[in-house]
Amino acid sequence: MEKTFNPSAIEKACYRHWEEEGMFKASGQGEPYCILLPPPNVTGSLHMGHAFQHTIMDALIRYHRMKGDNTLWQCGTDHAGIATQMVVERQLNADGLTRHDLGREKFLERIWQWKEQSGGTITQQMRRLGTSPDWDREVFTMDENLSVAVQEVFIQLYDEGLIYRGQRLVNWDPSLLTAVSDLEVINEEEDGYMWHLRYPIENSDEHLVVATTRPETMLGDTAVAVHPDDERYQHLIGKHVILPIADRRIPIIADDYVDPAFGTGCVKITPAHDFNDYEMGKRHNLPMINILTKDAKINGNAPAQLQGLDRFEARKQVVDMFQSLELLNEIKPHKLKVPRGDRSGVVIEPFLTDQWYVAIESLAKPAIDAVENGEIRFVPENWNKTYFQWMRNIQDWCISRQLWWGHRIPAWYDENENVYVGNDEKTVRQKYQIDDAVVLTQDEDVLDTWFSSALWPFATMGWPQKTDELDTFVPSSVLVTGFDIIFFWVARMIMMTKKFTGRIPFKDIYITGLIRDEHGDKMSKSKGNVLDPIDLIDGIELESLVSKRTSGMMQPQLAAKVEKNTRKQFPNGIASYGTDALRFTFTALASTSRDINFDMSRVEGYRNFCNKIWNAARFVLMNCEGQDTGNNLTGAQNVSDQYGELELSVFDRWIWSRLNNTLKQLNEHIEDYRFDLVAQVVYEFTWNQYCDWYLELSKPVLNSDVSSDNQKRGTRHTLINVFEELLRILHPFMPFITEEVWKKLQPLSVNQGAGNSIMLTQYPVTLAEREDPIAEDQIEWVKKFIVGVRNIRGEMDLAPSKRLPVLLRNAHASDIAKLEETKAFLLTLAKLDSIKVLEDAQAPACASALLGDMEILIPMAGLIDKEAEMARLRKNESKLEKDIQRISGKLSNQNFTSKAPVHVIDKEREKLTHARQQLEKIQQQIIEIGQL
RNA sequence: GGACGCAUAGCUCAGUUGGGAGAGCACCGCCCUUACAAGGCGGGGGUCGCAAGUUCAAGCCUUGCUGCGUCCACCA
């Protein structure tokens, strides 16, 4: 084995092996365990958020697969209607073309080409991450069988009256020329103005002053509203104003929606271009005058001079006209929420169009119930509040999009605009008994991408056909996703799956945090702080990183800053850390926190962890290869004690006990989705117990002439088999290194017949017989002994190579028993040349450490500086004095002694006694040293 | 306006039912000891945002405040 772990040398071949051997398939045996991959955009590429979530999912999948569950990771990609169509349209634009130049059919061909060309990117990147979904079951949301499901759902909902078509005010994106749902509109506060406009009152010299942030909409005003109780305007209710410019006579109406305290207390009402006004328009039977074209220019309902102007140009013109009519009262700076399309970024216009909607309320109810009654569980639980809040105020879902890329709506119209819904024209004619002479045309629109995503849990399992997968894997076990798509996707899956299968789609919803940069900023191209997971795996040199970060920016003027920051943060580019280090980092960062700040130094730390594992393997191999590891002896499988020729020492038994304990904790943490704690316990065991202590403790046995063959066999046996189990424990989190190392070590272990991949072995289980509190107690004593000596050595600046004599004073019988069992280890690990037990209190001048009542003494004899030892003792003394003061204060408090539980009081008393004894010894030492 | 989250060591974060403040990284000192210098050993470092309350006991529970953040709704 190489001296240093080199991930790039093993990962790809390792993955190919797994995939070619079909190891990712559900076994068909055991309890079903299923995860649905949130389908990424087919033409997208893997970002840090994906990598994070995929790591978590893969860890769960591998864990359950090794546990023997019938484990399916259902994967696939999404057609991502708007996003994908935009990409291809942009490509066309670069050639000076629009999609209309190509026509619908040609344009769709072009998108399919693009999908074929770039559709494999993300799935290839997932392979680099080591993910193990069943690729043979990969689904694309526009595959034939998915389209069948989409149609079926649409038709069934329509026939039940739960999908309807109607003219309403929708969020209209004037650049994409499509309706979008409420969720696709981002409202952000921006600086704007409030214009105060005067409307002359009919047959009067009076005016009403209305305030507006969108003056151009006055062209569509059909009323002015005041509060019914507003005394200022009582006399005007029922009268009319003459709308300037448009010269329209519109009524002054009363409605308690108006807040008399805001602005002037008069509101202009534009039912065709504002959601509140629309509602009021319906209440008061007001006409709805649409003044905009689809691309947000002023239409023929406005005065001729304004027609054809862009909405923002028209705004200026309208203001100018009011000014010249002396009807502009004032212009105030004003902060307002501006609705923008989440894809296009342009200002959304409320716009009257015909669209398709899902009547959502009856679907929402069972979906709310499922979470309320605990059938579906959010983790962390708190997210159910977010869910409830949205679900209980849910609005009908606008599902039609004026796009070409997507599932075309299965509806046909005759010349009289009658609607017929069915699978295809032929079916429709039969279903509605329409004569062939009647011309039918299909709806031009497609469905919202999320409509097909909502069917993911059952459509991927073969619905509407009855399949075994539907029975077995609905509901799936857990959905791993971000909170940003709870409404878009999670809620809608629950509604649709309940509706069409009667089952819940998943039992748990594990909501992960959002990956941010190390300072908590969102990763974005414009900030130039985006990390590509593949770059962390393979490494990237500085120049490539800089050009990657600065190319194709929406705001090229930021490039210089991005370049500067990048050069500063990564003067040497990014090193190659390998997949396992990256995955372990994600695992360790997966706490309950909402925001996860991705820290490069963590990756480096876990790269080192990989190297640690690698080198531990080298040590194990070096000591076990070609040696008798006792694996063929009876009883070796579940070894926890001595079996004749296999003699386990106290520290062999100790490490088995620790391993068992670690596994127990790990199982609990996985149950709780606390992957950060999972990472912590396995890291701690591997590095701080197995490597730091166990490997060191094994050396004296393996290298000594004194230890017996049976003892050596016992230690080798433990060395190899604990490690082999540890590799299996680690595998779900670090699949590559564990596979590579396991293949080298497995032949030496009791698990030698387990097959040709660690991913198909059994996950280790906890065994009560491995628990060994006595061994744990003894090794604790050994550790304290050694640390005590090291402490003196470290603080007294004694050369590590200098072997020291140790005297023990005030040793109990139990100390002496432990000493006898472990003396060889103490001598080696603490670098001692002798250990003597003193019969009485007499001792030369010594530096000292305490282990319980026993004093570990190192004669100063020219080695140790008096002042330095004095300072060390004083430090310990004052620490003990503080402890004693605090504890005795507590114990002398009558309230405490009368009210606290007995075991707490006893514990405090014990602590006090112990501290006093320690203090006494320290002070005695101080006197002794002081006399020198 | 409504809901939610966060504030603990220089940085990034753990701290489970209230009972002696932890990790990684960074920092300081010593060491190239035959698994590993991507390492070993030792060490320093925190008024747990502020205030009040409950309690024998509060990083943890309650209330208020401050600061930061997210989501939903929205006053033209």
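Numbers restart at 1 for each chain; the letters A, B, ... are given by sequence-line order, proteins then strands.
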Any-strand Watson-Crick or G-U partner of B/C41, both distances under 3.5 Å: B/G29

Sugar-phosphate only, base, or nothing, as touched by A/Cys691 at under 4.0 Å among non-hydrogen atoms: base

Complement of B/G49, any strand, by Watson-Crick or G-U distances under 3.5 angstrom: B/C65

Between B/U70 (P) and A/Tyr387 (OH): distance, integer Å: 25 Å

Contact state string [nucleotides 2-14 of chain B, B base, S sugar-phosphate only, - no protein heavy atom under 4.0 Å]: BSBS------BSS

Distance, C1' atom - from B/A51 to B/A58, rounded to whole angstrom: 14 Å

Side-chain touch A/Asn187/A/Val338, heavy atoms, less than 4.5 angstrom: no

Heavy atoms of other groups near A/Glu188 CD, more than 12 under 6.0 Å: no

B/C27 to B/G45 separation - C1' atoms, rounded to the nearest Å: 9 Å

Span that lies between the C1' atom of B/G2 and that of B/A57, in whole angstrom: 37 Å

Which nucleotide in B/G19, B/C72, B/A73 has an atom nearest any side-chain atom of A/Lys337: B/A73

Electrostatic pair A/Lys911:A/Glu908 at N-O distance under 4.0 angstrom: yes

A/Pro901 side chain, from C-beta outward: closest of B/C56, B/G29, B/A35: B/C56

Sugar-phosphate only, base, or nothing, as touched by A/Glu910 at under 4.0 Å among non-hydrogen atoms: nothing

Whole-Å P distance, B/C11 and B/A38: 27 Å

Residue A/Tyr193 excluded, over 12 heavy atoms near OH under 6.0 Å: no

Sugar-phosphate, base or nothing in reach of A/Asp259, heavy atoms under 4.0 Å: base

Side-chain N or O of A/Lys802 closer than 4.0 Å to phosphate OP1/OP2 of B/C31: no

P gap between B/G29 and B/U34, integer Å: 24 Å

Test applied, side chain to side chain contact (heavy atoms under 4.5 Å, CB included); reference residue, A/Asp255; option that passes from A/Arg283, A/His227, A/Glu279: A/Arg283

First of A/Tyr683 and A/Val185 reached from the 5' end of RNA chain B, by closest nucleotide: A/Tyr683

Nucleotide forming a Watson-Crick or wobble pair with B/C71, both distances under 3.5 Å: B/G2

Nearest-nucleotide pick for A/Ala900, side chain only, options being B/C25, B/G19, B/C30: B/G19

Whole-angstrom distance between B/A9 and B/G49, as gauged at atom P: 8 Å

A/Tyr673/A/Tyr510 aromatic ring centres below 6.0 Å: yes

Nearest-Å distance once atom P is located in both B/A7 and B/G15: 10 Å

Crowding at CD, A/Gln885 (>12 non-hydrogen neighbours, <6.0 Å): no

Any A/His334 side-chain nitrogen or oxygen under 4.0 Å from OP1 or OP2 of B/A76: yes

Pairwise 5' ranking along RNA chain B for A/Ala261 and A/Lys3, keeping only the more 5' one: A/Lys3

Distance, rounded to the nearest Å, where A/Asn187 contributes CG and B/A76 contributes P: 11 Å

A/Arg618 and A/Glu625 ion-paired at < 4.0 Å: no

Whole-Å distance separating the CZ atom of A/Phe896 from the C1' atom of B/A57: 7 Å

Summary of salt bridge (charged side-chain N to carboxylate O under 4.0 Å, His left out) pairs that have at least one residue in residues 679-700 of chain A, sequence neighbours excluded: A/Glu696-A/Lys699

Base-contact (B) and sugar-phosphate-only (S) positions in nucleotides 38-44 of chain B, heavy-atom cut-off under 4.0 Å, - elsewhere: BSSSSSS

Electrostatic pair A/Arg674:A/Asp672 at N-O distance under 4.0 angstrom: no

Distance flag, aromatic centroids of A/Phe5 and A/Trp614, threshold under 6.0 Å: yes

Pairing partner (Watson-Crick or G-U wobble, both distances under 3.5 angstrom) of B/G22: B/C13

Sugar-phosphate, base or nothing in reach of A/Arg886, heavy atoms under 4.0 Å: sugar-phosphate

Spacing of the P atoms in B/U17 and B/G5 (rounded, Å): 16 Å

